Amino acid sequence: MQHPALGVLIGYAVPMIPTAFVNLAAGDTHLTPRAQGLACFGGSTIVAFIYAFAGDLLILKQDWKSLLILLIVAVVIGLTEYGIRMRRSDKARQKVEQFDALN
């Protein structure tokens, strides 16, 4: 997997995937405990938001489409920010490796 933290985040965000399998996959990836915790928190937050607001809006028959659009926009922005941070850290790591190779 090219971006294991993103895979773990998606694994926690999709309710149909059993958490035990996601935990096993997260253990096999070589993520730091911080990255693993952030992926778990991010994925669980997405699902919690959907359960908390979407179910109530459906029951009350309010305009849930606008909430869904806002949720999708928030997820896309979050994943984009996460991808940008991963690229920055990869570039920084490559620069350090190149510097170490020269010395």
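Just so we're clear, the structure is a prediction, and the values are computed from it rather than from any experiment. These values consider heavy atoms only, across backbone and side chains, with no hydrogens, waters or symmetry-generated copies.
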Side chain to side chain contact (heavy atoms under 4.5 Å, CB included) filter on R93, not counting sequence neighbours, yields S89, D90, E97
Any pair counted as salt bridge (Lys or Arg N to Asp or Glu O under 4.0 Å), so long as it reaches residues 72-83, sequence neighbours left out: E81-R85
In the single-linkage hydrophobic clustering (I, L, V, M, F, W, Y; side-chain heavy atoms under 4.5 Å), do M86 and L38 co-cluster? no
Sequence neighbours left out, cut at 3.5 Å: what donor-acceptor pairs do the side chains of residues 67-78 make with other protein atoms?
none

